[in-house]
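Below is one structure; the comments refer to it alone.
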Amino acid sequence: MLTGNAAKAGVRFLTYDSIKTQLRRADGTLTMPRMMLAGMCAGIVEGATVVAPAETIKTRLINDQCLARPKYSGVVDCVGTAIRTEGVAGIYRGVVPVMARQGANSCVRFAAYDSLRQWLVAPGKDKLPFWQSFALGMIAGTVTVFATMPLDVVKTRMQSLAAPQEYKGSLHCAYRVVSEEGVRALWKGATPRLSRLMFSGAIVFAVYEEVMKLLR
């Protein structure tokens, strides 16, 4: 889990910083739309390369453990079975909603964090105290959860074992959730996700700021 989270954060921040550098204006500033574009691209790359296969396998294993007779003996067996029966595409099932969710997550998270950061940091300075970056990370994580929860709900359902029989695609899945369970169902599970993303955002951004201080 630690390795997976480190890989996701590494891809996300590396991509964001690379794109952000290219999008800066001549005076070095970055507008909100450009922050959002850089964040969205970073999330899409992260979703396609790391998150989609990892979460597909995780979701299948969780669902499998709920069955009376589980199909998989572990992670390796789950990956092997998916590839044998469905091809490589088997571990990328639901990749579109994953990319959409990660793109939206990073779009909102980075834009919220960097816009607040620009407001806090005095002109001519480029460093934040640890507690400030931690607090900004918590705020960015909170905003992200409520803005992107519907995409997370659709993504999770599209990666379930029953998805091929239940849904024709991501839009059909979203339609069924709303028509059968109501609009509020798109925010089902927001509270546990909030507690996770609020603190993970705080930790990741605070650690990132400290690492950048050492590298500068």
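Not measured: the values here are computed from a predicted model. For the single chain, residues carry numbers from 1 onward in sequence order.
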Could you walk me through whether Thr148 and Asn105 pass the side chain to side chain donor-acceptor pair (under 3.5 Å) test, one step at a time?
CA-CA 6 Å; Thr148 64; Asn105 277 355; 2.6 Å; yes

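- Under the 4.5 Å side-chain criterion, counting only non-hydrogen atoms from C-beta, Met158 is not in contact with Val96.
- Following chains of ILVMFWY side-chain contacts shorter than 4.5 Å, one cannot reach Leu136 starting from Trp131, and the two form parts of different hydrophobic clusters.
- Annotation for Leu186 and Val153: closest pair O-CG2, 3.2 Å, computed over non-hydrogen atoms.
- When the side chains of ILVMFWY residues are joined at heavy-atom separations under 4.5 Å, either directly or via intervening members, Leu116 and Met198 end up in a single hydrophobic cluster.
- Taking the charged nitrogens against the carboxylate oxygens, Arg176 and Glu166 do have a contact shorter than 4.0 Å, which makes a salt bridge.
- In plain terms, the two heavy atoms of Lys71 and Asp77 that are nearest each other are O-OD2, 3.6 Å.
- The backbone N or O of Ala112 sits less than 3.5 Å from a side-chain atom of Ser115, completing a donor-acceptor pair.
- In this structure, Arg196 CZ and Thr191 OG1 are separated by 13.0 Å, a value rounded to the nearest 0.5 Å.
- For Ala111 against Met36, the heavy-atom pair with the smallest separation is CB-CG, 3.5 Å.
- Between the SG atom in Cys107 and the OH atom in Tyr16 there is a gap of 9.5 Å [rounded to 0.5 Å].
- For Ser133 (side chain) and Phe130 (main-chain N/O), a donor-acceptor pair under 3.5 Å exists by modelled atom type.
- Counting heavy atoms from C-beta outward, Glu46 and Thr15 have side chains that stay 4.5 Å or more apart.
- Val76 is not connected to Val88 by any chain of hydrophobic side-chain contacts under 4.5 Å among Ile, Leu, Val, Met, Phe, Trp and Tyr, and they are in different clusters.
- Between Leu214 and Glu210, every side-chain heavy-atom pair lies at or beyond the 4.5 Å cut-off.
- Panel note: side chain Arg34, backbone Leu23; a donor-acceptor pair is recorded below 3.5 Å.
- Across all non-hydrogen atoms, the minimal contact from Pro53 to Ala48 is CD-O, 4.3 Å.
- Put simply, CG on Leu128 and CG on Leu120 are 6.5 Å apart, with the number rounded to the nearest 0.5 Å.
- Side-chain contact between Val154 and Leu171 is absent, with no heavy-atom pair separated by less than 4.5 Å.
- Taking OG from Ser106 and NZ from Lys8, the interatomic distance works out to 10.5 Å, rounded to the nearest 0.5 Å.
- Follow the hydrophobic side-chain contacts under 4.5 Å out from Val211 and you reach Ile203 in the same cluster.
- Between Gln102 and Leu151 there is no side-chain heavy-atom pair separated by less than 4.5 Å.
- Put simply, the side chain of Pro129 reaches to within 4.5 Å of the side chain of Gln132, judged on heavy atoms.
- No side-chain heavy atom of Leu30 sits less than 4.5 Å from a side-chain heavy atom of Arg25.
- Atoms CG and OG1, on Leu61 and Thr56 in that order, are 11.0 Å from each other to the nearest 0.5 Å.
- Under 4.0 Å is where a charged nitrogen must lie from a carboxylate oxygen, and between Asp114 and Arg117 no such pair does.
- Heavy atoms from other residues, nucleotides or ligands lying under 6.0 Å from CD1 of Ile62 number more than 12.
- Pairing each heavy atom of Val145 with each of Ala190, the nearest pair is CG1-O, 3.8 Å.
- Looking only at distances, no side-chain donor or acceptor of Trp187 sits under 3.5 Å from a matching main-chain atom of Met149.
- Side chain of Asp64 to main chain of Arg60: no donor-acceptor pair is present (N/O by atom type, distance under 3.5 Å, no hydrogens or angles).
- One hydrophobic cluster, built from ILVMFWY side chains closer than 4.5 Å, holds both Tyr113 and Met138.
- Note: Phe205 and Phe13 meet the aromatic proximity criterion, with ring centroids under 6.0 Å apart.
- Note: Phe134 and Phe199 fail the aromatic proximity criterion, with ring centroids not under 6.0 Å apart.
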Exercise. Begin from the C-alpha positions of Phe146 and Leu194 and carry the test side-chain contact (heavy atoms from CB on, under 4.5 Å) through to its verdict.
Key: CA-CA 8 Å; Phe146 289 105; Leu194 175 62; 4.2 Å; yes

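- Within the 4.5 Å cutoff, side-chain heavy atoms of Val204 are placed close to those of Arg12.
- Residues Pro70 and Gln65 approach most closely at CB-NE2, 4.4 Å, considering heavy atoms.
- The CG atom of Asp17 sits 6.0 Å away from atom CE of Met212, with the distance rounded to the nearest 0.5 Å.
- Judged as a side-chain contact (heavy atoms from CB on, under 4.5 Å), and not counting sequence neighbours, the contacts of Cys41 are Ile19, Leu37.
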